[in-house]
Amino acid sequence: MVSSVIIRYIFNELGILYEIPDLYSIVLQALCRIPRGKITTYRDISKALGDTIAARAIGYIMKTNPCPDRYPCYKVISSDGSLGGYSLGSERKSMLLQKEGVKVMGQKIIDFEKHLVDISDLRLPPVLLSMRRLQEFISDRVSLITERKNIRFVVTFDLSFVDGPLDIGIGVGCAFDVDNEELLGVGISFVPVFMPYIPTYLAFRELPAILGSLSAVIEYIPRIDAIILDGQGILHPRGLGIASHAGVITNIPSIGVAKSILVGRISGKWTYRGDLKYAPVVYNNKVLGFLVIKNKHKIVVSPGHKFSVDDARDFVLSLEWPRNEAEPRIIRLPHKIASRIKEFVKKYPKLLESRSKGQKSLDDFFL
DNA sequence: GCGACAG
DNA sequence: ATCTTGTCGC
């Protein structure tokens, strides 16, 4: 698909050097190994990659297939034997299959099991398995002991995406002095995205752009006491949401603030504090985070790294939270900036043309 | 019509 | 997350 010379690694002091796999290319190229008259399913591809949870993401990769003539995504159907979608119309998908001897009745494949390819023939690398193992390895290094009592210098993050031949992630980090919540500086990165969104694997999609903006914002802040990311901390099937992942590999105390629950359930009593309330979120019989509700807006707070569950919650609750906003002001700001930059880039697409370095700063625009 | 699934 | 239509929700 698209080759590039872009830096796309997540690494740390633990000796881990992990290259984010180009899942789009891996899956599209595997389609070329499906023999004439054979088919497979979104779920089987997902399973071969290491986790069936990616089935919808496989469908998304098919949907955005940049070259249906070269990558035969019409050979991929739903696991229940129904036809599934096709960017050029399901009639065309049906016709292409029939031409290879696969009978289609309405939206159903006749005897679809007989046409299934041996999925191991596609030689799909189990990249989701290795990502899961990496998450488990890093998760063992998460600390839930609050390292710093007085948190003053904080960076909050968010990103938006611009789609193209290769999706570009726009990472934004905002540095604050939380004593007066003054904005000290903004770091921005533009990074190609090689992974679709897959539940529980979010960090592998978003962290490269986040870390890029972190390195860009670092000069504006005397030190970093904490980072706050949009997503879960330890409230994750493997205890490693994006905030915990970022915290451990940067060795910076971190907190996750999400808009909805990924795993776990609300359990226990509500606590009322002023005009907001919160309740514990329990997973594996442990309180790993809190659901906070204020003026109909809800956020899920869980520690990332070097925070206790209660201290993570109390720190977030100490931040100014305007009545009409969905979350505290300093957490919302990077989202607003990323959205504005996205609109700007859509308006002037040439800004992203020379992206050979993979990361850019605002200076690149104004030289 | 419907299970749930951070962004 | 993004896109987009319609304009309630369990």
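Excluded from the calculations below are hydrogen atoms, water molecules and symmetry mates; all remaining heavy atoms, backbone and side chain alike, are included.
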Mind checking the [atom1]-[atom2] spacing from [X] to [Y]? Nearest 0.5 Å is all I need.
X: A/L144; Y: A/D311; atom1: CG; atom2: CG; answer: 11.0 Å
X: A/Q98; Y: A/K93; atom1: CD; atom2: NZ; answer: 13.0 Å
X: A/D163; Y: A/K346; atom1: CG; atom2: NZ; answer: 8.0 Å
X: A/N295; Y: A/N324; atom1: CG; atom2: CG; answer: 9.0 Å
X: A/L214; Y: A/I227; atom1: CG; atom2: CD1; answer: 6.5 Å
X: A/I337; Y: A/H335; atom1: CD1; atom2: NE2; answer: 11.5 Å

(message) Is it true that A/R265 and A/Y283 share a donor-acceptor pair across their side chains at a distance under 3.5 Å?
(response)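 The answer is no; no qualifying pair exists.
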(request) Grab the stems for DNA chain C, please: at least three consecutive Watson-Crick or wobble pairs, both distances below 3.5 Å, written as range with range. (result)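 The stems that DNA chain C takes part in number none, since no run reaches 3 pairs.
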(request) May I ask you to evaluate whether A/K346 reaches the phosphate of C/dC3, defined as a side-chain N or O under 4.0 Å from OP1 or OP2? (result)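 Yes, because at least one side-chain N or O of A/K346 sits under 4.0 Å from OP1 or OP2 of C/dC3.
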Given the [atom1] atoms of [N] and [M], what is the spacing between them in whole Å?
N: C/dC8; M: B/dA6; atom1: P; result: 25 Å
N: B/dG3; M: C/dC10; atom1: C1'; result: 14 Å
N: B/dA4; M: C/dT7; atom1: C1'; result: 27 Å

How many Å lie between [atom1] on [X] and [atom2] on [N], as a whole number?
X: A/D167; N: C/dT2; atom1: CG; atom2: C1'; value: 10 Å
X: A/L235; N: B/dA4; atom1: CG; atom2: P; value: 17 Å
X: A/I210; N: C/dA1; atom1: CD1; atom2: P; value: 12 Å
X: A/I255; N: B/dA6; atom1: CD1; atom2: C1'; value: 17 Å
X: A/R205; N: B/dG7; atom1: CZ; atom2: P; value: 13 Å
X: A/K296; N: C/dC8; atom1: NZ; atom2: C1'; value: 15 Å
X: A/K342; N: B/dG7; atom1: NZ; atom2: C1'; value: 13 Å
X: A/D158; N: B/dA6; atom1: CG; atom2: P; value: 15 Å

Mind checking [X] for me? I need base, sugar-phosphate or nothing, with any heavy atom below 4.0 Å counting as a touch.
X: A/Q232; result: base
X: A/Y201; result: base
X: A/Y197; result: base
X: A/T200; result: base

(message) Would you say that more than 12 heavy atoms from the other residues, nucleotides or ligands in this model lie under 6.0 Å from the NZ of A/K277, or not?
(response)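 Atom NZ in A/K277 is packed in, count exceeds 12.
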(request) Answer yes or no: are there more than 12 heavy-atom neighbours, outside A/K259 itself, under 6.0 Å from its atom NZ? (result)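 Correct, the count exceeds 12.
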(request) Under the salt bridge (Lys or Arg N to Asp or Glu O under 4.0 Å) rule, what do A/R152 and A/D177 come out as? Steps first, then yes or no, please. (result) CA-CA 6 Å; A/R152 179 165 176 194; A/D177 178 348; 2.8 Å; yes
(request) Can you figure out which of C/dC3, B/dA6, B/dG7 approaches the side chain of A/P199 most closely? (result)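 Output: B/dA6.
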(message) I want to verify a distance call: between C/dT2, B/dG7, B/dA6, whose nearest atom is closest to the A/D230 side chain?
(response)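 Shortest atom-to-atom distance from the side chain points to B/dG7.
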(message) Quick check against the 3.5 Å criterion: does A/S143 have a side-chain atom that pairs as donor or acceptor with the backbone of A/I145?
(response)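 Flag set: sc A/S143 to bb A/I145 pair under 3.5 Å.
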(message) I'd like to know if the side chain of A/S189 reaches the main chain of A/A209, judged simply by a donor and an acceptor atom lying under 3.5 Å from each other, with no hydrogens or angles considered.
(response)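 Yes: the side chain of A/S189 pairs with the backbone of A/A209.
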(message) Counting only heavy atoms and a strict 4.0 angstrom limit, can you tell me which residues of residues 258-268 of chain A come near DNA chain B?
(response)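 Close to the strand are A/A258, A/K259, A/S260, A/I261, A/L262.
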(request) Toss me the dot-bracket line for DNA chain B: Watson-Crick and G-U wobble, both under 3.5 Å, 5' to 3', using | for pairs to another strand and [ ] for crossers. (result) .......
(request) Start with the C-alpha gap between A/F307 and A/I234, add the side-chain angles, then the distance that decides, and say whether side chain to side chain contact (heavy atoms under 4.5 Å, CB included) holds. (result) CA-CA 11 Å; A/F307 272 101; A/I234 60 173; over 6 Å; no
